[in-house]
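Input: a single structure, listed below in structure tokens.
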Amino acid sequence: MDGSGLPVTRSTCPYCGVGCGVLMRPDGHGGIEVRGDPDHPANFGRLCSKGSALGETVGREGRLLAPRVDGRDTDWDTALQLVADRFRDTVQRHGPDSVAFYVSGQLLTEDYYVANKLMKGFIGSANIDTNSRLCMASSVAGHKRAFGTDTVPGTYEDLEQADLIVLTGSNLAWCHPVLYQRILQARKERGTKLIVIDPRRTASCDRADMHLALKPGTDVALFNRLLAEIEKSGATDKEFTSKVIGLSDALEEAHQDDVNVTGLSEVEVTEFCRMWIGTEKVVTIYSQGVNQSSSGADKVNAILNCHLATGRIGTPGCGPFSVTGQPNAMGGREVGGLANMLACHLDLENADHRAAVRDFWSAPKVPDAPGLKAVDMFRAVGEGQIKALWIIHTNPAVSMPDADAVRAAIAGCDFTVVSDITGATDTARLADVLLPAAAWAEKDGTVTNSDRTISRQRTVLTAPGMARPDWDILAEVGRRMGWNDAFSYENPAEIFREYAALSGIAGRFGRDFDISGLSGLPDTGYRDLQPTRWPVTAARKGGRFFGDGQFFHPDGKARILPVRYRPPAAKRTPRYPFRLNTGRVRDQWHTMTRTGLSPRLSAHLAEPFLEIHPEDARDLSVKAADLISLESPQGRAILRARITDAVQRGQVFAPMHWTGETAPSARIDAVVAPVTDPVSGQPESKASVVAVKRFAAAWYGFAVSRNPMRLDASYWALAPTRTGFRAELAGMTQVGDWEEEARRIFDDEGAEVASIIDAARGTARVALTRDGEVQAALFIAREPVAVMRDYLATLPGTNTPDILGARPPADRPDPGPVLCSCFGVGVNTIVQAIETQGLMSVEAVGEALQAGTNCGSCRPEIAALLEAVRQREAAE
Ligand SMILES: Nc1nc2c(c(=O)[nH]1)N[C@H]1C(S)=C(S)[C@@H](COP(=O)(O)OP(=O)(O)OC[C@H]3O[C@@H](n4cnc5c(=O)[nH]c(N)nc54)[C@H](O)[C@@H]3O)O[C@H]1N2
Ligand SMILES: Nc1nc2c(c(=O)[nH]1)N[C@H]1C(S)=C(S)[C@@H](COP(=O)(O)OP(=O)(O)OC[C@H]3O[C@@H](n4cnc5c(=O)[nH]c(N)nc54)[C@H](O)[C@@H]3O)O[C@H]1N2
Ligand code: SF4
Ligand SMILES: [Mo]
């Protein structure tokens, strides 16, 4: 209960791997209110913009309500029998390796455990891989090579106890905002130094003491130099390195590397090494700039090497820290969701491990060879080797490299099952059988966050229509395939107990992941489970690993690995002279099926974009707000130019979020090459090569509408607003009659039409009204349309007779794009307040406008605006 007397349920945010605790309260209208849980050890009450907007994304709009076979709604019995029959027949006819599951680091541990058990234990193939292959595989491989297991040594408290934090290949301010806030808070108290290593200047750089804008893919050379300097300055920990093998070989290799490939100056490199070596308590946080690389595993080991050489690992404030992306990326690694792992950190290649798991499951057979990793899996689908595929909780037609080929492969597969909460995704549209899953807040289970803390997700809403939890769907297919006993689960608690018991066997093999202390948890104990960091055994609970110099290789020692810089796999050529980097924006989650429903979150960046350096833009005659077309050997894309020196010359950056549903020409993975790290199999999503040119549109448009639009122009991007929708458009072919075209786009024959059309200048403004109420409006020009978009987006549904004037009244200035999502404060409003009120700090902006005072995710951007205004005023 809270102050209002309504019941409050504790749960965990379904987005990033920080794993923030939330308090959910029904709002009485079928929705929920969501706040940060002050008692959760990940966030102590804080939430970022995405977590704060959770209440806006749990509606029933767009939800898949019934199973669908070949596009027609049906009942569960029909759909599940079909799935079970087809998988069983395919296995009988073509063998177990002719089928595959492609799953997700967003599944709950219980879902994941059942999927893995069904494929590896009963179907008898290791062809289950997960989108964590695109995300964590290099970290997993690096950990296993160095430590003998996939172990994250540290805890979040280390971020507060460190004196230096290095963020490499991580835009923590946008992607793990609550951890970033925790670091900034600690920095206030102890003056923590912050270094960012990223080819691109990101929001995480705004408060950094140093930004090392290295050349893409050169991290190994930088950390090799650091290792050499550690040795030279006598900073190796002699006692600790007696528990480590390989230092001298690694040093020999390190000396061969040339730090000049990083493009950093000697001064920068020396200062970085000086700070790192001179600060005892140092944490190196890394993420996709490290993992998503054809040398990802080596990058990870280059970082681990430096921590192992100095013994700065597993003690307060010290250690390498691979932050996980998805809410249960860590849990998926624990249950063995990757094609080359067995459950509970046991090894697929180890016969004793296999036998133990087979006995525990009473399974007919456990495969002894790894299954297909994501990129190879979809290749095998395309080549017809995989004849039945089940995709659960992920959208590979958008998020896999070479996405057009992946889309074609799925479309061509004999039998594809997709489990999702909506049918409106690029992948779901290709399914033969579409299964409606219960969503976050409708289902029950556990997730493990970046620092090994297991937290509960709990139910407060009933699932709409026939939707069912993923574990339940999987278990029923297992039963219908003939394995009644193995899949007779009543509830997630039962699955969790079984999993915890299995981890005890892993513990007896000397593995790190052992939560056998929870195997006797009664249903009520599971219901009330508090956030718990593993391991959980009679002997030990939580804590850090490796401070004692004990590792999980058979000899108990860690490995320092000799690694050498290798350039990204794709080479720049005169035909493809640009390096394409990709990543995330602050307020969208992946393929936007949930965050994309929130007008508030969509207002931050309403359109896909390409960051390009001003000099490159000039050379290509690209002006601000032009469209740019990209081409690679794999495919094409069109995005809006964002000219900025945040990226280096010869490099461009695009977000990964837009899809066939929201901006079909901006599915950036269509141009990303499917090259992978040879050790981890993780794709190099951050270093493809592309050709870039101005997209010569015949016309550009901007549209607002109360209702969904019918968009099919060469370029379009759609976003929700508080009043309906907004869209950007551009076309290659001339349009004869814009009034008619407007009626078609807005699918409205009956509305009254007003227009101002100037054929000579190529401009058109068309408004559709009903009884004076604005339904929709379209603004067309030969150049990118200059109208006050954020003002126009407020007009559908209002009586605004002068909508074609497109000017806000004097008392309602255009707020500009929303910067603070929590309070809806726009850029123009903030800049104006800074200028007119002489505001000097982020805090002052907060006092004046509330901006940045709730979740704080926009504080780095407010700081950047303050700086920009200060610089402009200084120049005047
Ligand atoms: N807002 C938001 N937050 C998210 C997500 C989301 O979709 N939206 N997704 C979650 C998930 S699943 C993940 S995996 C994480 C990802 O979190 P991050 O890894 O922090 O995010 P990215 O933007 O993918 O990439 C991070 C940075 O790597 C840099 N980079 C590129 N190449 C190199 C290189 O060669 N070396 C170095 N040092 N850096 C390089 C990029 O410029 C980019 O700024 O975010 C999680 N949090
Ligand atoms: N170019 C480029 N590509 C990338 C990356 C990059 O940095 N650059 N990053 C990669 C990384 S790190 C990741 S993690 C991936 C993420 O990529 P994806 O996993 O493909 O992206 P999501 O949008 O998270 O897909 C989740 C899907 O699950 C559905 N869903 C939501 N809730 C439920 C549920 O409870 N049950 C079921 N069954 N379905 C549900 C959603 O509607 C959505 O369709 O993208 C990868 N792709
Ligand atoms: S940082 Fe934001 S997205 Fe990540 S778990 Fe916390 S509230 Fe959710
Ligand atoms: Mo990820």
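Because the structure is a prediction, the values reported are computed rather than measured. Whatever order the structure lists ligands and atoms in, that order sets their numbers, starting from 1.
Contacts between Arg579 and ligand 1, counted as non-hydrogen atom pairs separated by less than 4.0 Å, are absent for every part of the residue. The backbone and the side chain of Cys175 each have at least one atom closer than 4.0 Å to an atom of ligand 1 (non-hydrogen atoms only). The backbone and the side chain of Cys20 each have at least one atom closer than 4.0 Å to an atom of ligand 3 (non-hydrogen atoms only). Contacts of His657 with ligand 1, taken as heavy-atom pairs under 4.0 Å, involve the side chain alone. Residue Phe653 does not touch ligand 1, judged by heavy-atom distances below 4.0 Å.
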Mind running side chain to side chain donor-acceptor pair (under 3.5 Å) on Ser455 and His40 for me, showing each step along the way?
CA-CA 9 Å; Ser455 296; His40 196 287; 2.8 Å; yes
Chi angles and distances behind the side chain to side chain donor-acceptor pair (under 3.5 Å) call for Thr109, Glu334
CA-CA 8 Å; Thr109 295; Glu334 294 155 9; 5.0 Å; no
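Residues Arg533 and Thr155 are in side-chain contact: their nearest non-hydrogen atoms beyond the backbone lie under 4.5 Å apart.
Ligand 1 has at least one atom lying under 4.0 Å from a heavy atom of Lys50. Contact between Val290 and ligand 1 is absent, with no heavy atom of the residue lying under 4.0 Å from the ligand. Note on ligand 3: Asn43 sits outside its first shell, no heavy atom being nearer than 4.0 Å.
Between Ser287, Pro177, Cys205, it is Ser287 that holds the heavy atom closest to atom 19 (O) of ligand 1. Of all the listed residues (Ala329, Ser399, Gly325), Gly325 holds the heavy atom that lies closest to atom 13 (C) of ligand 1.
Note: Tyr102 and Phe378 have perpendicular aromatic rings, judged against thresholds of 30 and 60 degrees for the angle between ring planes.
In terms of N/O distances under 3.5 Å, ligand 1 is approached by Gly169. Where the criterion is an N or O separation shorter than 3.5 Å, residue side chain and backbone included, Pro216 fails it with respect to ligand 1. Considering backbone and side-chain N/O atoms, Lys215 never comes within less than 3.5 Å of an N/O atom of ligand 1. Any N or O atom pair closer than 3.5 Å counts here, and Arg584 shares at least one such pair with ligand 1. Note: an N/O pair closer than 3.5 Å links Asp198 and ligand 1 by distance alone. Among the atoms of Asp587, none of the N or O lies under 3.5 angstrom from an N or O of ligand 1. No N or O atom of Trp589 sits closer than 3.5 Å to an N or O atom of ligand 1. Note: an N/O pair closer than 3.5 Å links Gln588 and ligand 1 by distance alone. For ligand 1, none of its N or O atoms has an N or O atom of Thr582 under 3.5 Å away. At a 3.5 angstrom cut-off on N or O pairs, Gly583 does not count as close to ligand 1.
A side chain to side chain contact (heavy atoms under 4.5 Å, CB included) with Arg46 is found for one member of Val178, Asn854, Val18 and no other, namely Val178.
Each of the atoms 34 (C), 35 (O), 36 (N), 37 (C), 38 (N) of ligand 1 lies under 4.0 Å from some heavy atom of Asp219. Those atoms of ligand 1 that come under 4.0 Å of a heavy atom in Gln326, given as number and element, are 12 (S). Short contacts between ligand 1 and Lys299, defined as distances under 4.0 Å to a heavy atom of the residue, involve ligand atoms 34 (C), 35 (O), 36 (N). In the vicinity of Pro177, heavy-atom distances shorter than 4.0 Å reach the ligand 3 atoms 1 (S).
The CG atom of Asp198 lies 9.5 Å from the CG atom of Leu167; values are rounded to the nearest 0.5 Å.
Backbone or side-chain N, O or S atoms of Cys48 do not reach atom 4 (Fe) of ligand 3 at under 2.8 Å.
Among protein heavy atoms, the minimum distance from atom 25 (O) of ligand 1 is reached at Lys686 CE, 3.2 Å. Among protein heavy atoms, the minimum distance from atom 4 (Fe) of ligand 3 is reached at Cys16 SG, 2.3 Å. Among all protein heavy atoms, the one lying closest to atom 8 (Fe) of ligand 3 is Cys13 SG, 2.3 Å.
Ion pairing between Arg859 and Asp206 fails under the 4.0 Å rule for side-chain N and carboxylate O. Ion pair Asp645/Arg201 flagged as a salt bridge, since at least one NZ, NE, NH1 or NH2 atom sits closer than 4.0 Å to an Asp/Glu carboxylate oxygen. Ion pairing of Lys373 with Asp677 is absent here, as no side-chain N (NZ or NE/NH1/NH2) approaches a carboxylate O to less than 4.0 Å.
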